[in-house]
Amino acid sequence: MGEYNIALDSRDDEANVSFVSHAHTDHIAGLKKNRKALASEITKDIVESRSNLNMELIEEPECVELLNAGHMLGSRQLFVQNDLYGYSVLYSGDYQMDEPVLAEKLETRKADVLIVDSTYPYPEVKFDDKSEVIDSIQFYARKKTERGHVVFGAYTVGRAQELVKILNEAGMVPAVDEKIAMVNEVYKKHGARLEYLPLGEPESNPIVIVGQSKLEATRDAIRAKSVKRVYTAVASGWSKIFRFNTDVQFNLSDHADFPQALEYINACSPKIVFTFGSSSRLFAKHLAMRGYDARPLTNTSEVNALMLNYI
Ligand SMILES: [Zn+2]
């Protein structure tokens, strides 16, 4: 785009600007090469609070628009209407059609080319109704903390803040580990209302949220200090596919499942869909079987070549 070569959530040696759709670590590789970035302010704040990376946000070029992606707070899609090419492109990193727990609701836009994430490429995977999942989490937490402790393992960025909000809305204030607390503060700076405590003695912290990798150690530490039973829990979209090693798993996701992906693609009504991510082939195959012109994105020069068939 004119003076800019924009890398999409990835590292590309020919790029001089990184589009960072959101602050999850698998989307920020481009920043190691380019400090110049297209992203939301909150994405910049979260990335900088968790790493030694510095982002310099550039002003959106005229042909570019950042649209809400509904995934985590600050997540955006990149929409480009470039007269030079004669077609429009919408790129989405992680996104969801469902009402997010703690993010700006997704905006759709009609585009000729859609480049879309393929985290859940399986047609048979359908997420549970979100409001029922939230009710279940609140019910479980309330019930189990009457006589015991509950420890949630969660992604430090995004899921942990959603759980804090869900528990707050049921009148509970969870204790969280330091890394989660740091992200909570960035969320609060950007308007989220989150109430939480630092990790302390088990008696004053009946409900705890820690990073996924600390779940078992935290459970054992509480067990060593309390005679009450300690329950472990996880809230993840992957609970539809995996059995986690916890007492209970809730199907809470901030991604699109396959039905949501179809809904999203239909709303954008692209001529071609390019899928990317580790399941891009499978996702493209299932889309093609349903009549979409869909293929995994291997090289961006392919986009130009293929669009010549349409314009
Ligand atoms: Zn993500």
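Since this is a predicted model, take the numbers as computed values, not measurements. For ligands, and for the atoms within them, numbers begin at 1 and follow the listed sequence.
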So which protein N/O/S atoms does the Zn ion (ligand 1) have within less than 2.8 Å?
H22 NE2, H24 ND1, H71 NE2, D94 OD2

Can you list everything that forms a ring-ring contact (aromatic ring centres under 6.0 Å, His included) with H24? Sequence neighbours excluded, please.
H22, H71

Could you please spell out the steps behind the side chain to side chain contact (heavy atoms under 4.5 Å, CB included) verdict for F250 and L163?
CA-CA 11 Å; F250 298 99; L163 285 172; over 6 Å; no

Side chains of E162 and Y187: do they bring a donor and an acceptor to under 3.5 Å?
no

Do the side chains of D128 and K240 get close enough for a salt bridge, i.e. N-O under 4.0 angstrom?
yes

Give a yes-or-no answer on whether the side chains of D117 and S92 include a donor-acceptor pair shorter than 3.5 Å.
no

Do any N or O atoms from the side chain of K130 and from the backbone of S253 form a donor-acceptor pair under 3.5 angstrom?
yes

